[in-house]
4 protein chains.
Amino acid sequence: MKKELTDRQKEILNATVKLIGEGGIQALTIKNLSHNIGVTESAIYRHFMSRTEILETLLDTIKKNITNSYAKRAQSDKIAFERLKDIVTYQFDSFSSNPSYAIVILSDGLYQNEPVLRERIFSIMEFVKMIFIQIIDDGKQSGEFRDDISSNQLAFVIMGSVRLMINQWSLSGFNFDLRIQGAELLKTITTLINNN
Amino acid sequence: MKKELTDRQKEILNATVKLIGEGGIQALTIKNLSHNIGVTESAIYRHFMSRTEILETLLDTIKKNITNSYAKRAQSDKIAFERLKDIVTYQFDSFSSNPSYAIVILSDGLYQNEPVLRERIFSIMEFVKMIFIQIIDDGKQSGEFRDDISSNQLAFVIMGSVRLMINQWSLSGFNFDLRIQGAELLKTITTLINNN
Amino acid sequence: MKKELTDRQKEILNATVKLIGEGGIQALTIKNLSHNIGVTESAIYRHFMSRTEILETLLDTIKKNITNSYAKRAQSDKIAFERLKDIVTYQFDSFSSNPSYAIVILSDGLYQNEPVLRERIFSIMEFVKMIFIQIIDDGKQSGEFRDDISSNQLAFVIMGSVRLMINQWSLSGFNFDLRIQGAELLKTITTLINNN
Amino acid sequence: MKKELTDRQKEILNATVKLIGEGGIQALTIKNLSHNIGVTESAIYRHFMSRTEILETLLDTIKKNITNSYAKRAQSDKIAFERLKDIVTYQFDSFSSNPSYAIVILSDGLYQNEPVLRERIFSIMEFVKMIFIQIIDDGKQSGEFRDDISSNQLAFVIMGSVRLMINQWSLSGFNFDLRIQGAELLKTITTLINNN
DNA sequence: TATGAATGAGAATTCATTCAT
DNA sequence: CATGAATGAATTCTCATTCAT
């Protein structure tokens, strides 16, 4: 389904990431994109069928990254508590290095008229949720995590607060250290979820 | 500072809310607006100086609503626990009746180029946070809430999960009952924050 | 033909002059005008039939001023040489105190589509030319001025250089002293036109 | 710095000149321009970034023309008197064949809000002045021109009267022969400037 | 006299996209 | 693969003017 990306496609995707990082999704115009790469606008259409397809592919890339990285951390043989910490920490690290990814993921409101994109975002969030639920389930069984709240709900609270943190970081123009604030939030989360 | 709105302005604001509810902020064009009201585009400019001013005024209206409603609930003489419940419940009720408000508030990413609007959103969020912190502080003193996490962090977790709930509801096209899901989330939140 | 102006009309004309002085003829919009006076836009139309009529009336006012002032100075019983000096000096003095008049007079290019205005400007220039010619004729007869160039041509040269001076002053944003530069130009003119 | 113009750009510039010639600068709208060429409005923007850039380029073209033509005539090895005659004659000839150039140059008042354009006009006028001053200086040294008035002032008088002539021609709707009237003015100028 | 509301005609741009070469 | 040219649909906003009250 997901074809291999050509070099040019990767180049376009990189420029996409750069542009979004600098000026939000609104800065992602075919014109900006082509100028950034040094080709004409029509050249872009040799490599992607439409602007939407570019975002689609970008979201697929992000999804693949997330899928791999999260799954790896989720499946390590550390205790659930450590795995949770690893993943949340990774989330902050990862967005910290790729602010554009944060923007793309957070801009869901913008995809209102583009079901293809909305579905992508949705699927990413579903995946992340599933990962969290798994870990939480494990942690409950091992007695690490509290048992009085459904894993689904706990996952929801975690994702919501992580997301808000990233959101505020993005709104602030990325001008605080996401990893530091994120670490603090992580402490809060683990305290909340701990069994006693 | 905030002048009384004329009837026409209210009408425009209503149409704004309607349009955003139907098609997102991107659907809020002067043309759509004027057609919706049944006047010409230029007529709009007799009542608002610019499209941005319309959104600005809408955000001001929302802020006034929120300020009043939240403050009232925060200052009641119920115990902190009840006040927290009241406010969160009110949040879900309120967005449930005004889906557009959710969209407007959640679309912060869209205001990247419009500092006036971003500032509005920011100020609303600051206010809400302050309200939560107050209540949590009270609840800590009365022994209702746990004391091992800073009020700031707790407020953050609450806001994050509430926000995510609203976000998902919006993304779903408003096709689940926000009040029901919200009530469940509220239960989770209170369980998490309870002392013991 | 020229009716007496009402107080309101004078007020509008004053605002017109002010606006043009500040931002050129393009700043003369009915909106600016009405805001400046403190009435609504439609109120303007109680006093003038159209924007063009305002400019028309302004030009008439200017013309009346010029007619009176120049005629008075032209008909004094000083020698031609002195009368010429008086008038040119008066021109610079007068525009110096009313920069807007300079703008209105110099903006002839803008009236391309408004014959009524063009005609006004034309008639003012004709009048001024006539005055100059008269004085020059007198000066020739009295032997003050050179006789080898037609009065018409001399008038033309004088008017052209005076006009260019005013033009440069206007373009500079009125930031040099028109009277000083004008005095110097006047010296040049009199030297050129003198007999011997 | 000045790039070569493409054919389309030249075509647009020609249409610009034509439109201005017919209806003044106000007739220069993107719509008129595109209709005149037979393309859509947006097509214009592939060749020029903005309406201002079109005028800017036109002024640059005019400047280049003037620079070359005047410089060539100024540097010939004729006597100063002849060179002066050549240049003034050329001015009238040149505007006579390109009435729009006259309009563009004379419309300085219109560029109040566009510093880029004003600067262009200014620089052209400075150049012309410099040329005149050089010739006049030469003519003074050779004893051809009068020595009792500064070259700067003489240049000013010449430019002012030439400019007024062109202005009146433009205002008249180009309905007299600029070359004939210009020739007469030139005679006046030379008589005025001659040594004795 | 004045207001408030509205109009209609434009104006300059922007953007994703198409197509012949 | 890439370019250059063009399109058409939008978009925000401006301006002089009209008209009922």
Side-chain angles (χ1 to χ4, degrees), chain A residues 6-9 11-12 26-34 37-55 114, chain B residues 6-9 11-12 26-34 37-55 114, chain C residues 6-9 11 26-34 37-55 114, chain D residues 6-9 11-12 26-35 37-55 114:
Chain A
T6 64
D7 284 355
R8 202 48 140 182
Q9 282 180 316
E11 199 183 354
I12 293 174
Q26 342 195 30
L28 179 66
T29 66
I30 302 293
K31 190 179 195 169
N32 284 348
L33 208 43
S34 57
I37 300 179
V39 297
T40 52
E41 294 162 65
S42 33
I44 301 290
Y45 289 90
R46 284 277 140 200
H47 307 279
F48 289 101
M49 272 170 48
S50 68
R51 178 181 179 272
T52 296
E53 205 203 35
I54 297 176
L55 277 169
E114 307 189 87
Chain B
T6 65
D7 284 355
R8 202 46 138 182
Q9 282 180 316
E11 200 184 351
I12 293 175
Q26 342 194 30
L28 179 67
T29 67
I30 303 294
K31 190 178 219 145
N32 284 346
L33 213 39
S34 57
I37 301 181
V39 297
T40 51
E41 299 178 40
S42 37
I44 301 290
Y45 288 92
R46 188 147 287 279
H47 305 280
F48 288 101
M49 273 169 46
S50 66
R51 178 183 179 273
T52 296
E53 205 204 31
I54 297 177
L55 277 170
E114 307 190 89
Chain C
T6 65
D7 284 356
R8 203 46 140 181
Q9 283 180 316
E11 199 183 353
Q26 343 194 27
L28 179 68
T29 67
I30 302 293
K31 190 178 195 169
N32 284 349
L33 208 42
S34 57
I37 300 180
V39 297
T40 52
E41 295 162 63
S42 31
I44 301 290
Y45 288 90
R46 284 274 141 202
H47 306 280
F48 289 101
M49 273 169 47
S50 69
R51 180 182 179 274
T52 296
E53 204 204 36
I54 297 177
L55 277 169
E114 309 190 87
Chain D
T6 64
D7 283 355
R8 199 48 136 184
Q9 281 180 316
E11 199 184 350
I12 293 175
Q26 341 194 29
L28 180 67
T29 67
I30 303 294
K31 190 176 219 146
N32 284 348
L33 213 39
S34 57
H35 284 12
I37 301 181
V39 298
T40 51
E41 301 178 40
S42 37
I44 301 291
Y45 288 91
R46 187 146 287 279
H47 305 281
F48 288 101
M49 273 170 46
S50 66
R51 179 182 177 275
T52 296
E53 206 204 33
I54 297 177
L55 277 170
E114 307 189 88

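Throughout, a chain's letter reflects where its sequence line sits, starting with A, and its residues are numbered from 1.
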Margin query: Are the side chains of B:Ser34 and B:Thr40 in contact, using a 4.5 Å heavy-atom criterion?
Written below: no

Less than 3.5 Å between a donor and an acceptor, one on the side chain of C:Thr40 and one on the base of E:dG4, is that the case here? no

So, with a heavy-atom separation below 4.0 Å from DNA chain F, the residues of residues 43-55 of chain C are C:Tyr45, C:Ser50, C:Arg51

Hits for side chain to side chain donor-acceptor pair (under 3.5 Å) against B:Glu11, two or more places apart or cross-chain, chain-then-number order -> B:Arg8

By nearest-heavy-atom nucleotide on DNA chain F, the more 5' of B:Ile30 and D:Gly38 is D:Gly38

Rounded to whole Å, CD1 of B:Ile12 lies from C1' of E:dG4 at a distance of 13 Å

So OG1 of B:Thr6 and CD1 of B:Ile12: to nearest 0.5 Å the spacing works out to 7.0 Å

CD1 of A:Ile44 to CG of A:Leu33, rounded to nearest 0.5 Å, is 4.5 Å

Nearest-nucleotide check on DNA chain F, B:Gln26 vs D:Ser42; residue mapping nearer the 5' end is D:Ser42

Its 5'-most and 3'-most nucleotides having an atom under 4.0 Å from a non-hydrogen atom of chain A, DNA chain F is contacted over F:dC1 to F:dG4

Pairs under 3.5 Å (Watson-Crick or G-U), crossing ones as [ ], inter-strand ones as |: DNA chain F comes out as .||||||||||||||||||||

Heavy atoms of A:Thr29 and A:Asn32 approach each other most closely as OG1-N, 3.0 Å

Practice task
Give B:Thr29 one of three labels, base, sugar-phosphate or nothing, depending on what nucleic acid heavy atoms sit under 4.0 Å from its own.
Solution key: sugar-phosphate

Quick note, side-chain hydrogen bond (donor to acceptor under 3.5 Å, both in side chains) partners involving residues 45-55 of chain B, not counting sequence neighbours, are B:Arg46-C:Glu41, B:Thr52-B:Glu114

Here the distance between atom C1' of E:dT1 and atom CG of C:Asp7, to the nearest Å, is 14 Å

In whole angstroms, the gap separating C1' of E:dT3 from NZ of C:Lys31 amounts to 16 Å

Taken to the nearest whole Å, CG/D:Leu33 to P/E:dG10 is 17 Å

#### Entry: Sugar-phosphate only, base, or nothing, as touched by C:Leu28 at under 4.0 Å among non-hydrogen atoms
sugar-phosphate

